[in-house]
Amino acid sequence: MPFSPFFRMALILGMLSAIGPFAIDMYLPALPAIGAALRADVGAVQWSLTAFFLALGVGQLVYGPVSDMVGRRPPLFFGLGLFTLASVGCALATDVHTLVLLRFVQGLGAAAGMVIPRAVVRDLHTGTEAARLMSLLMLVFSVSPLLAPLVGSGVIALAGWRGVFWVVAVAALAGLVLVQRALHETRPAGQRVRSSVGSAAAAYTTLLRDWHYLGLVGIGGCSMAGFFVYLAGSPFVLINHYGLSPVQYSVAFSVNAAAFFASAQFTARLGRRYGMAPVVKAAASGAGAVMLALLAHYLLGGDRLAVLLVLYFVASALMGLVIPTTSVLALEEHGTIAGTASALMGTLQMLIGTLAMAAVGLFASDAPLPMVVGMATGALTGVALTWITLGPAGAQRIAHGAAKDIAPERRP
């Protein structure tokens, strides 16, 4: 049976969004092996992740406004091409410093696939329909954390860690073909007339003065910070501390990712029934409570892998309701500068996550407590920010925006 146009668009955008994260998730099981091969310690190897995330954040600041000025497709071509070349360079790197530099360049290329699909969602839809498309996009996107660690383990077993980068280079080439053949331009020339460097600067100024927007971005950023800390620390904790094999680690990572993306499919349905702001408040608060319980377990001397995996599975499911919903709400009022708003959102969230990852990296070891402290701190900060941003005034603002979206549809 042929796919509907709605699902086909989600499939295309999800695949483009997944290319960059695929380069992260396939890479995770190889981190200990890379450290051994390049004679680098845990902190140095983790910098190859940090550099990627820094570039992923900074690059979005450029791609968003450029996509508003020239359309969505040209920046995607450029970014995917840059990503491909950097991936080849990573495969040939002979020391950790070169690898870190090339991972930064690779992140600059991957930024296009992160920011532009979100802008395309806003080009096409608003409200719960945007949430539905965003959640479907994330369902396709979920292929990366679900399968990439397992694929990475297989590639590493057959071709070593360098093989991972050859595989992601091929994936980027496939993305170029996909953009050329299947993605139509959603930012027509008439909408680009007023877009310029000056208008981009003015748009960033407007967004940075919008505390409601910044609060929503921060809620998602705090959720992502906890995930980034887990992303960087879990290979060493689960493999070195708890003794899992790379394949077992990949399965454990994939199960948590499955919880996130499965729950994300309920965002539109729950948003229509209860309202998007109440969904965010309930899910963020629940995730904070679960992470507080996990932190208490380790502070009281516990050290059980099952507790870590089960509680983080629940927290991941709750965060699957928070991140896509806050993304839609943050872009809701900024449709005319959707690319720029998406870019700033992605950049700020990446920087929050990267700073959290770098801070925890200062205390990084194979022990789980530093990682758990970082994860819990992100979740609890997100809870506080949720109740500040989505208090009575914030919820009323969201409801007013939803009414404006619905009103035209009711006209005869």
By side chain to side chain donor-acceptor pair (under 3.5 Å), Y298 pairs with (sequence neighbours left out) Y242
Inset, instruction - Quick one: do W387 and S285 satisfy side-chain hydrogen bond (donor to acceptor under 3.5 Å, both in side chains)? Show the steps, please. - result: CA-CA 9 Å; W387 286 93; S285 300; 2.9 Å; yes
Do T389 side-chain atoms and T386 backbone N/O form a donor-acceptor pair below 3.5 Å?
no
Exercise. Is V164 close to V151 at the side-chain level, that is, under 4.5 Å between some pair of heavy atoms?
Worked result: no
* Spell out, as yes or no, whether a donor-acceptor pair under 3.5 Å connects the side chain of Y213 to the backbone of L329. => no
- Item | L244 side chain near V251 side chain, heavy-atom distance below 4.5 Å | no
Discussion item. Would you say that L54 contacts T50 through its side chain, given a criterion of any heavy-atom pair below 4.5 Å between the two side chains?
Written reply: yes
Side chain to side chain donor-acceptor pair (under 3.5 Å) filter on H297, not counting sequence neighbours, yields none
Show me, pair by pair, the donor-acceptor contacts under 3.5 angstrom made by side chains of residues 83-94, not counting sequence neighbours?
| unit_1 | atom_1 | unit_2 | atom_2 | d |
| --- | --- | --- | --- | --- |
| T84 | OG1 | L80 | O | 2.8 |
| S87 | OG | F83 | O | 2.8 |
| S87 | OG | Q106 | NE2 | 2.8 |

One should read off an interatomic distance between I352 CD1 and S223 OG, to the nearest 0.5 angstrom, of 10.0 Å
**Message:** Can you confirm whether W166 sits close enough to V155 that some side-chain heavy atom of one is under 4.5 Å from a side-chain heavy atom of the other?
**Reply:** no
When F236, F313, Y312 are each screened for ring-ring contact (aromatic ring centres under 6.0 Å, His included) with Y230, the one that passes is Y312
Side-chain heavy atoms of L299 within contact of V372, under 4.5 Å: no
Within the structure provided, determine whether M345 and T326 are in side-chain contact (heavy-atom separation under 4.5 Å).
no
In this structure, CG of L295 is separated from CG of L380 (nearest 0.5 Å) by 8.0 Å
Over 12 non-hydrogen atoms of neighbours within 6.0 angstrom of CZ in F77:
yes
When rounded to the nearest 0.5 Å, the distance separating CD of Q248 from CG of L305 is 9.5 Å
So NZ of K281 and CG of L390: to nearest 0.5 Å the spacing works out to 6.5 Å
Checklist entry - Would a distance-only check, ignoring hydrogens and angles, find a side-chain to backbone donor-acceptor pair under 3.5 Å from R103 to L49? => result no
For P368 and D303, the nearest pair of non-hydrogen atoms, with its separation, is CG-OD1, 3.7 Å
List, one per line, each side-chain donor-acceptor pair under 3.5 Å for residues 354-363, sequence neighbours excluded.
| unit_1 | atom_1 | unit_2 | atom_2 | d |
| --- | --- | --- | --- | --- |
| T354 | OG1 | M350 | O | 2.7 |

Checklist entry - Which of parallel (below 30°), tilted (30 to 60°) and perpendicular (above 60°) describes W161 and F165? => result perpendicular
Taken to the nearest 0.5 Å, the spacing of I323 CD1 from L318 CG works out to 11.5 Å
Applying side-chain contact (heavy atoms from CB on, under 4.5 Å) to I388 and not counting sequence neighbours gives none
Sorted by chain and number, sequence neighbours left out, side-chain contact (heavy atoms from CB on, under 4.5 Å) with A55 holds for F104, L108
Smallest heavy-atom separation, A379 atom then A287 atom, equals CB-O, 4.3 Å
**Prompt:** Does a donor on one side chain sit under 3.5 Å from an acceptor on the other, for S67 and R72?
**Reply:** yes
message = Could you tell me if the side chain of L61 sits less than 4.5 Å from the side chain of Y204, heavy atoms only?
response = yes
Min side-chain heavy-atom separation L178-L183 under 4.5 Å: no
Separation between OG (S234) and CD1 (I239), nearest 0.5 Å, reads 8.0 Å
| request: Please confirm whether the backbone N or O of G346 pairs with a side-chain atom of Q349, one donor and one acceptor, at under 3.5 Å? | output: no
